[in-house]
Amino acid sequence: MALFSKSKKDAITCFDVDKLPVHIGIIMDGNGRWAKKRGLPRKAGHSAGAKTFRKITRYCSDIGIKYLTVYAFSTENWKRPQDEVNSLMKLFKSYLEEALEDFKDDSIVVKFIGDKSPFNEDLRNLMIENEESSKDRDGMVLNIAMNYGSRDEIVRAVKNICNDVKNGTKSIDSIDEQMVSSYLYTSGQPDPDLIIRPSGEYRISNFLLWQSAYTEFVIMNKLWPDFEESDLDEALITYSNRNRRYGGV
Ligand code: IPE
Ligand code: IPE
Ligand code: MG
């Protein structure tokens, strides 16, 4: 069955519904460069990026994507200048208070992946509230990666597995790939089929390392605040033309 792009009214057939990724990951990169190009402070780029996040999340939900994971703040992003970190925290707070309300209409289930503990209490409570209030919805699962780092995620999983072996709930023989996956933040979710990185950087930057073993990557030159629905269509078309072999022939 063919799916028509919703981003352009006169769109031609774009891709096969059967070839739509179940899970998309997006590294929302390029906010700083977008602001710099306009002579604006970096925080203006982050605000513009937050609007794009809202738009693209809606679009993914509209076209029937089941899981979307967006990289919002990495475990390494704390090394940025304090005023940039502060403005990002402010932005996250206003987003969690307002914009995430919007996702109610689309029945989006909101989850945060990453370690919540370094965030201030207000922000942590808002994250928990958003997770709690959306958990029984039946729409797209939106994972927001905040203070997320895949190495940190794997270290935590290893520690938790060791603890469970030590206290006798798990045996060493029961450790396999599926079990390790179940100790990650994305437990119970399918691995991403497609990861999109705007801003033209060819790197993974500590995002979903374990989960992306067989993920298709699409690097795009647009900076995240400029990213449009039609750019997502383009990535989906590229993805639908890939031949995924998983090591087979
Ligand atoms: C991504 O945009 C947002 C975060 C990492 C929080 P950047 O801020 O990394 O933008 P560039 O890469 O400097 O342009
Ligand atoms: C990755 O972008 C993290 C997010 C988009 C949140 P960075 O801008 O932090 O990555 P590097 O530094 O270019 O690798
Ligand atoms: Mg960047």
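All residue numbers in this chain count up from 1 along the given sequence. We use all heavy atoms of the structure for the numbers below, so side chains are in, but hydrogens, waters and symmetry mates are not. Every number for a ligand or one of its atoms is a count from 1 in the order of the listing.
Using a 4.0 Å cutoff on heavy atoms, R42 counts as a contact of ligand 1. Under a 4.0 Å heavy-atom criterion, R80 is in contact with ligand 2. Ligand 1 lies within reach of G30, whose nearest heavy atom is under 4.0 Å from it.
Side-chain atoms of T238 come within 3.5 Å of backbone atoms of E234 as a donor-acceptor pair (strictly under, hydrogens ignored). Counting only distance, with no hydrogens or angles, the side chain of R54 and the backbone of A50 share no donor-acceptor pair below 3.5 Å. When atom types are taken as modelled, the side chain of K55 and the backbone of F227 share a donor-acceptor pair closer than 3.5 angstrom.
In A72, the part holding a heavy atom less than 4.0 Å from any atom of ligand 1 is the backbone. Contacts of H46 with ligand 1, taken as heavy-atom pairs under 4.0 Å, involve the side chain alone. With a 4.0 Å heavy-atom cut-off, ligand 2 is reached by the backbone of F73 but not by any atom from C-beta on.
Close approach to R203 involves these atoms of ligand 2, each under 4.0 Å from a residue heavy atom: 11 (P), 13 (O), 14 (O). Against a heavy-atom cut-off of under 4.0 Å, R33 is close to the following atoms of ligand 1: 11 (P), 12 (O), 14 (O).
There is no protein heavy atom less than 4.0 angstrom from atom 12 (O) of ligand 2.
Counting protein heavy atoms only, atom 5 (C) of ligand 2 is closest to M28 O, 3.5 Å. At the top of the distance list for atom 9 (O) of ligand 2, counting protein heavy atoms only, stands N77 ND2, 2.9 Å. For atom 3 (C) of ligand 1, the nearest protein heavy atom (residue, atom name, distance) is N31 ND2, 3.6 Å. With respect to atom 2 (O) of ligand 2, the closest heavy atom belonging to the protein is R197 NH2, 3.6 Å.
Ligand 2 has no nitrogen or oxygen under 3.5 angstrom from a nitrogen or oxygen of Y71. The shortest N or O to N or O distance between G32 and ligand 1 is under 3.5 Å. The shortest N or O to N or O distance between W34 and ligand 1 is not below 3.5 Å.
Summarising the geometry, atom CD1 belonging to I63 is positioned 9.5 Å from atom CE belonging to M140; distances are rounded to the nearest 0.5 Å.
The 12-atom threshold is not exceeded at CZ of R151, counting heavy atoms of other residues, nucleotides or ligands nearer than 6.0 Å.
E84 pairs with exactly one of K43, K90, R42 by the salt bridge (charged side-chain N to carboxylate O under 4.0 Å, His left out) rule, that one being R42.
Two residues are said to be in side-chain contact when any heavy atoms from C-beta on lie closer than 4.5 Å; P118 and N147 meet this criterion. Under the 4.5 Å side-chain criterion, counting only non-hydrogen atoms from C-beta, S199 is not in contact with W224. Between D231 and P198 there is no side-chain heavy-atom pair separated by less than 4.5 Å.
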N77 and S74: CA distance, side-chain angles, deciding distance, side-chain hydrogen bond (donor to acceptor under 3.5 Å, both in side chains) verdict
CA-CA 5 Å; N77 288 146; S74 76; 3.1 Å; yes
From CA spacing to verdict: side-chain hydrogen bond (donor to acceptor under 3.5 Å, both in side chains), Y59, D233
CA-CA 10 Å; Y59 187 59; D233 288 346; 2.6 Å; yes
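Residue contacts to the Mg ion (ligand 3): D29 brings an N, O or S atom closer than 2.8 Å.
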